[in-house]
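What follows is a set of notes on a single structure, which appears directly below.
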Amino acid sequence: MNAYVAQVIDNVSKKNANEPEFVQTVKEVFSSISPVVDKHPEYEKADILNRMVTPERTFTFRVVWTDDEGKVHTNTGYRCQFNGAIGPYKGGLRFQPNVNLSIIKFLGFEQTFKNSLTGLPIGGGKGGADFDPAGKSDAEIMRFCQSYMSALYRYIGPDIDVPAGDMGVGGREIGYLFGQYRRLKGNFENGVLTGKGLSYGGSLIRPEATGFGAIYYLNEVLKHENDSIVGKRIGVSGYGNVAWGIMKKAAELGAKVTYMAGPDGYVHDEEGITSEEKLNYILEMRKNDPMHCEPYADKFGCEFVPNEKFWGIKDVDIYMPAATQNDVDIESAKKINESGVKYYIEVANMPTTNEALDLLRANKNIIVAPSKAVNAGGVGVSALEMSQNSERLSWSKEEVDKELHRMMVNIHDASAKAAEEYGLGYDLVAGGNIAGFLKVATAMLEQGIF
Ligand code: GLU
């Protein structure tokens with residue numbers, strides 16, 4: 001490995017030892033860019049890598065709210081404005097009890113390269129709170145969001161930092177957050193948030209964009225292998241917004257999701273989760289209880305395996321981890337390697353531990369695609385939402401979908417090309433990291449030392 005890259009990884013491992021997820025993602029991205037740094041000594045001269053692993057600004061804030069019984073609760077909010085070299089900071093907010101600085105920084109670092117891959121002018125950022133939305137009433141969610149935005153509104157804006165949703169933050173939360181921003185600022189600056197409702201500047205296709213984009217990307221991988229999506233069976237972990245978009249688009253293109261997994265176990269639906277009735281039921285099930293997918297198996301009379309993950313099953317063609325970080329560990333990766341399944345398409349942010357990812361990438365019979373490329377269609381359509389807001393008009397469904405499709409084809413092609421250029425063959429993981437990195441590094445170099 002290039003000595004400068006190794007030294008930066010070593011620095012980060014020591015300095016950020018209490019931020020394991022962040023260290024993990026830095027190692028993953030930077031281990032791919034070693035040949036690029038060999039070729040470009042100017043990066044070391046300008047200390048680009050140490051600058052890249054240091055967020056431009058990170059802050060935490062107090063979020064106090066009152067529950068329906070009148071009890072006062074205090075949470076911690078976060079926003080990490082990681083890298084603004086190619087555009088305003090852009091990235092979601094995650095509300096989950098396990099949120100901490102390490103998770104926000106890992107997501108912000110990933111986001112920087114993902115956003116660069118979209119080809120659109122968006123920098124990288126991420127935020128959230130250690131707030132647990134489970135079991136909260138609508139009024140409690142609203143009060144939490146209002147308090148959260150009261151602390152954040154001074155530091156964001158359509159040309160500064162544009163938050164969106166992530167786990168625990170969907171259309172409802174974005175609505176309350178935007179309402180409070182508008183109330184405090186006294187203006188209508190709807191480009192400050194994306195993932196908005198259609199009535200106040202949201203974009204068509206945004207809710208489905210991440211899942212649709214993942215299938216468009218998968219389609220390019222299959223084409224590269226002279227294979228076709230028609231008739232393919234897919235195992236998806238997760239059944240949230242992103243997994244739902246995957247199910248829907250896969251069905252539209254003639255494939256089917258036959259496995260889905262939740263925190264309580266997994267469902268096997270051999271017929272495929274393809275009908276409108278099934279897709280609608282998932283939405284309803286999730287609204288009532290986001291922790292259990294067993295009711296689906298009960299309703300449609302299919303197999304449910306409690307407390308297990310499905311990694312290792314042989315009766316699918318494609319695995320798509322779309323739940324959360326580190327869902328696939330080394331033991332799961334061994335099972336995947338033995339299953340004979342050819343495609344491993346990451347969807348959630350960092351769903352694979354580094355050890356597991358190395359093992360899968362070493363298997364020449366499996367094609368691995370990285371989440372920062374596969375799931376980039378979500379934030380990509382967020383950037384299209386920003387464009388629509390600044391133009392003060394809305395694009396049609398067809399226009400947004402066409403742009404999303406084009407974006408995913410470009411991301412796949414740019415990743416394949418970057419890997420090829422560095423003599424790495426069809427390595428989509430390295431290629432995605434290299435392509436994402438190059439644009440950010442170039443912008444930083446051209447903007448001078450700071
Ligand atoms: N949280 C999503 C992501 O991981 C979406 C971010 C956005 O739309 O800004 O990319």
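Order of appearance sets the numbers: ligands from 1, and atoms from 1 within every ligand. Values below: all heavy atoms of this structure, side chains included; hydrogens, waters and symmetry mates excluded.
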Only one of K397, Q388, E399 clears side chain to side chain donor-acceptor pair (under 3.5 Å) with S203; which?
Q388
Can you name the side-chain contact (heavy atoms from CB on, under 4.5 Å) partners of K248, sequence neighbours left out?
F212, W244, E252, L279
Are K278 and D269 within salt-bridge range, i.e. N to O under 4.0 Å?
yes
Would you indicate whether E391, at its atom CD, is surrounded by more than 12 heavy atoms from other residues, nucleotides or ligands within a distance under 6.0 Å?
yes
Please list, one pair per line, the donor and acceptor atoms closer than 3.5 Å that link side chains of residues 155-166 to other protein atoms, with sequence neighbours excluded.
unit_1 : atom_1 : unit_2 : atom_2 : d
D161   : OD1    : R79    : NE     : 3.4
D161   : OD1    : R79    : NH2    : 2.6
D161   : OD2    : R79    : NE     : 2.9
D161   : OD2    : Q81    : NE2    : 2.8
D166   : OD1    : K126   : NZ     : 3.0
D166   : OD2    : R94    : NE     : 2.7
D166   : OD2    : R94    : NH2    : 3.0

Contacts of E420 that satisfy side-chain contact (heavy atoms from CB on, under 4.5 Å) - sequence neighbours left out:
none
Between ligand 1 and the protein, which N/O pairs are shorter than 3.5 Å?
unit_1   : atom_1 : unit_2 : atom_2 : d
ligand 1 : 1 (N)  : K126   : NZ     : 3.2
ligand 1 : 1 (N)  : G165   : O      : 2.9
ligand 1 : 1 (N)  : D166   : OD1    : 2.8
ligand 1 : 4 (O)  : K114   : NZ     : 2.9
ligand 1 : 4 (O)  : K126   : NZ     : 3.1
ligand 1 : 4 (O)  : N349   : ND2    : 3.3
ligand 1 : 8 (O)  : R206   : NH2    : 3.0
ligand 1 : 8 (O)  : S382   : OG     : 2.6
ligand 1 : 9 (O)  : K90    : NZ     : 2.7
ligand 1 : 10 (O) : Q111   : NE2    : 3.1
ligand 1 : 10 (O) : K114   : NZ     : 2.8

